[in-house]
Student: 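For reference, the structure I am asking about is given below.
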Number of protein chains: 2
Amino acid sequence: MIAKLEMFIALAREQHFGRAAVSLGITQPTLSTGIRQLEEQLGVKLVQRGSRFGGLTPEGQRALVWARQIVGDTRRLRDEMRASREGLAGHLRLAVIPTALTWASTLAARFNDRHPRVTFTVLSRASADILTMLDDLEIDAGISYLDNEPLGRVTTRPLYREAYQLVCREDHPLADRETLDWAELGSLKLCLLTPEMQNRRIINRQFMEAGLEAGAAIESNSTVVLVSNVLTGDWVTILPTDLAGFLAEGKPLSLVPLASDSRAHEVGLIAPWQEPYTPVLQALLDEAQRLARPA
Amino acid sequence: MIAKLEMFIALAREQHFGRAAVSLGITQPTLSTGIRQLEEQLGVKLVQRGSRFGGLTPEGQRALVWARQIVGDTRRLRDEMRASREGLAGHLRLAVIPTALTWASTLAARFNDRHPRVTFTVLSRASADILTMLDDLEIDAGISYLDNEPLGRVTTRPLYREAYQLVCREDHPLADRETLDWAELGSLKLCLLTPEMQNRRIINRQFMEAGLEAGAAIESNSTVVLVSNVLTGDWVTILPTDLAGFLAEGKPLSLVPLASDSRAHEVGLIAPWQEPYTPVLQALLDEAQRLARPA
DNA sequence: GGAAGCCATCGGGCGTCCCGATTGCGCTTT
DNA sequence: AAAGCGCAATCGGGACGCCCGATGGCTTCC
């Protein structure tokens with residue numbers, strides 16, 4: 001039963017029988033009959049089929065909610081028993097927005113320091129993907145913006161508020177300024193993240209409120225590209241404080257704080273809401289709370 | 001896996017391998033190996049064993065929480081799919097405190113009127129048992145006091161507040177009084193419920209606050225016994241309004257309202273807290289809300 | 001019209017589950 | 001101290017279900 005629910009979840013995620021089977025390490029016929037049997041046991045058609053996968057039926061959508069809950073709880077049961085067997089151990093999968101990667105790294109390092117038998121996978125993902133992956137049980141927790149998208153049934157632990165810095169070469173005209181207003185950035189050659197990324201949308205809003213348009217001459221989905229561009233030309237970019245400090249370190253770059261908008265851009269840890277928490281997840285939430293920059 | 005979790009829950013409930021097996025309709029060896037396999041799969045000893053059942057280990061206690069969640073959600077998945085297949089149908093098991101039985105009856109009747117394909121089992125139980133049975137998945141919902149014991153992870157729907165009446169024969173000295181104070185009951189020959197029942201404890205408290213002792217000459221765990229005693233002798237009893245009206249109807253008995261203590265004694269529907277609700281349970285909660293006596 | 005992709009079905013081998021019978025252990029009784 | 005009894009574990013077998021590779025029917029894309 002649980003195995004079939006896992007098949008169903010994989011199928012809903014992959015939207016394709018073959019790929020779902022591969023992702024579970026079974027063959028396509030096995031998955032096919034598994035879904036059929038699940039449908040028989042529940043007495044309901046879950047999947048719209050032609051000769052191709054055609055999406056879930058309405059009943060399938062409802063069943064998916066329960067399936068995720070059941071399979072998730074089953075994994076949590078296993079995890080917790082393993083933890084009680086061999087101490088706090090296991091594997092945590094995190095998905096993190098690019099601008100919070102240094103924080104994720106710190107969090108993972110500190111956590112691993114305290115609990116050496118817990119290992120990590122840290123993926124860089126867009127904020128919308130993080131919520132999907134949480135739903136699909138592909139990750140155990142994420143780090144993302146807490147105040148933009150509707151978050152759903154999750155627990156959050158605030159970590160910090162993003163404040164931004166202009167990153168430019170040491171020989172740039174603005175390099176020696178103490179602070180800057182967003183309004184002063186209008187005439188610069190900007191490298192920014194691509195518009196589908198939340199961080200870029202936040203920056204766009206700041207520009208808009210300053211009466212400017214955030215026209216980036218170079219866009220990328222990687223912060224490394226942004227900084228390396230700044231190094232090689234007379235470009236500038238805008239990055240959160242911590243990440244800017246990390247990427248600029250040891251390079252001939254200057255960082256100039258931008259007037260911060262304290263209302264928003266709160267970043268924090270996001271985990272599935274559940275009762276009770278497994279020891280490992282509880283420990284992660286605790287570690288995040290310790291790490292949180294005091295407001 | 002789920003089957004084994006059901007075995008584990010049954011074992012925790014029955015505290016006895018043989019009885020647990022019978023309650024599941026399987027043999028004792030099957031249950032025995034099932035538990036063993038569950039322990040192997042989780043890598044943890046769940047049950048303390050000598051040559052007898054010796055209680056759950058601490059890990060077993062923790063695992064039981066998850067097992068109940070998983071098995072409960074699995075049943076809810078099945079229920080919901082059946083509902084979407086053949087409309088609102090199925091079976092609801094309620095456990096109800098004795099003094100609320102008439103309300104339970106009304107609730108079940110009205111619900112069945114609206115949804116004829118849903119059938120009911122209504123059990124009379126003490127309030128503490130109701131919570132245990134909810135935990136053990138033996139019932140789907142209960143009717144009990146909302147404000148006395150700690151309720152745990154449940155949803156509640158208030159139904160009414162208990163107000164009490166003295167029940168006596170028509171020829172009793174107090175039969176014609178409009179109202180009574182608790183303090184006036186000190187000298188009467190009382191039949192009351194047994195002290196382990198919550199209703200009796202509430203009445204005890206009322207007596208205590210009136211400076212009296214609630215010494216019952218006859219005790220029973222059945223309200224039928226109480227009323228039939230009142231009929232045959234010069235006894236009196238104390239019952240909630242609705243139940244008193246029901247039991248006294250057509251008999252030579254008088255009902256005299258007692259000064260009510262509006263603070264407490266709230267009675268309502270109790271169901272496991274869960275997200276989302278199955279259609280049947282949602283409908284029951286809705287019906288309870290409609291039925292609730294306006295405060 | 002041919003090729004490729006996709007899902008369903010088929011048949012066989014293997015694993016697992018369940019049951020009845022029996023054994024082994026510990027407590028109680030005499 | 002020995003017998004009796006209740007309880008859980010173990011054993012051996014028969015049956016069922018699951019998984020896989022192979023294949024077939026259908027659709028879509030060149």
Side-chain angles (χ1 to χ4, degrees), chain A residues 1-61 63-64 67 70-71 74-75 77-78, chain B residues 1-61 63-64 67 70-71 74-75 77-78:
Chain A
M1 183 77 190
I2 287 179
K4 289 166 193 166
L5 292 177
E6 300 226 33
M7 294 182 194
F8 182 55
I9 292 171
L11 178 60
R13 182 180 60 236
E14 304 288 347
Q15 303 273 308
H16 185 287
F17 279 73
R19 281 197 301 276
V22 170
S23 82
L24 295 175
I26 60 177
T27 61
Q28 172 266 319
T30 300
L31 184 130
S32 196
T33 58
I35 299 294
R36 159 168 305 289
Q37 287 171 350
L38 185 62
E39 287 180 328
E40 281 166 9
Q41 288 183 30
L42 296 177
V44 172
K45 195 170 70 166
L46 298 172
V47 177
Q48 209 65 263
R49 296 168 170 91
S51 69
R52 318 219 158 226
F53 176 87
L56 301 185
T57 63
E59 292 83 5
Q61 296 285 357
L64 183 59
I70 293 165
V71 170
T74 305
R75 292 191 190 166
L77 169 60
R78 283 191 221 280
Chain B
M1 183 77 190
I2 286 179
K4 289 167 193 165
L5 293 177
E6 301 227 32
M7 294 182 195
F8 182 55
I9 292 172
L11 178 59
R13 182 180 62 236
E14 305 287 348
Q15 303 272 309
H16 185 286
F17 279 73
R19 282 197 301 275
V22 170
S23 83
L24 295 175
I26 60 177
T27 62
Q28 172 266 319
T30 300
L31 184 129
S32 196
T33 58
I35 299 294
R36 160 167 305 290
Q37 287 172 349
L38 185 61
E39 288 179 326
E40 281 166 9
Q41 288 183 30
L42 295 178
V44 173
K45 194 170 71 164
L46 298 171
V47 177
Q48 208 66 263
R49 296 169 171 90
S51 70
R52 319 224 153 207
F53 176 86
L56 301 185
T57 63
E59 293 82 5
Q61 295 286 357
L64 184 59
I70 294 165
V71 170
T74 306
R75 292 192 191 165
L77 168 60
R78 283 191 221 280

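Keep in mind that what you see is a predicted model, and the values were worked out from it rather than measured. Every chain is numbered from 1 and lettered A, B, ... according to where its sequence line falls, protein lines coming before strand lines.
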Student: Please report, rounded to the nearest Å, how far the P atom of D/dC7 is from the CG atom of B/Leu11.
Tutor: 13 Å
Student: Compare every heavy atom of A/Met7 with every heavy atom of A/Thr30, then report the nearest pair and how far apart it is.
Tutor: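 Minimum heavy-atom separation between A/Thr30 and A/Met7: O-SD, 4.1 Å.
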Student: Just how far, in rounded Å, is C1' of C/dC7 from CZ of A/Arg19?
Tutor: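 For the pair A/Arg19 CZ and C/dC7 C1', the rounded distance is 13 Å.
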Student: Counting distance only, does the side-chain N/O of A/Ser32 pair as donor-acceptor with the main-chain N or O of A/Pro29 below 3.5 Å?
Tutor: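 Absent.
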Student: What is the distance from NZ of A/Lys45 to P of C/dC7, rounded to the nearest Å?
Tutor: 15 Å
Student: Nearest heavy atom decides the nucleotide; on that basis, is B/Arg49 or A/Ala3 closer to the 5' end of DNA chain D?
Tutor: B/Arg49
Student: Rounded to the nearest angstrom, tell me the gap between atom CZ in A/Arg52 and atom C1' in C/dA4.
Tutor: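 Going from A/Arg52 (CZ) to C/dA4 (C1'), I get 9 Å.
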Student: Atom CZ of A/Phe17 to atom P of D/dC20: distance rounded to whole Å?
Tutor: 16 Å
Student: Calculate the interatomic distance between B/Gln48 atom CD and D/dA9 atom C1'; express it in whole Å.
Tutor: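 Rounded to the whole Å, the gap is 16 Å.
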Student: Near DNA chain C, which residues from residues 21-43 of chain A have a heavy atom under 4.0 Å away?
Tutor: A/Gln28, A/Pro29, A/Ser32, A/Arg36
Student: May I ask you to decide whether B/Glu40 forms a salt bridge with B/Lys4, counting only side-chain N to carboxylate O separations under 4.0 Å?
Tutor: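 Looking at B/Lys4 together with B/Glu40, the answer is no, because their closest N to O distance does not fall below 4.0 Å.
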Student: Ignoring backbone atoms, establish whether B/His16 has a side-chain N or O less than 4.0 Å from OP1 or OP2 of D/dG6.
Tutor: no
Student: Between B/Phe53 and B/His16, is there a side-chain heavy-atom distance shorter than 4.5 Å?
Tutor: no
Student: So among A/Leu38, A/Leu64, A/Ile35, which one has a side-chain contact (heavy atoms from CB on, under 4.5 Å) with A/Leu11?
Tutor: A/Ile35
Student: Start with the C-alpha distance between A/Leu5 and A/Thr74, add both sets of side-chain angles, then the distance that settles side-chain contact (heavy atoms from CB on, under 4.5 Å), and finish with yes or no.
Tutor: CA-CA 11 Å; A/Leu5 292 177; A/Thr74 305; over 6 Å; no
Student: In this structure, how many angstroms lie between the P atom of C/dC6 and the CZ atom of A/Phe53, rounded?
Tutor: 13 Å
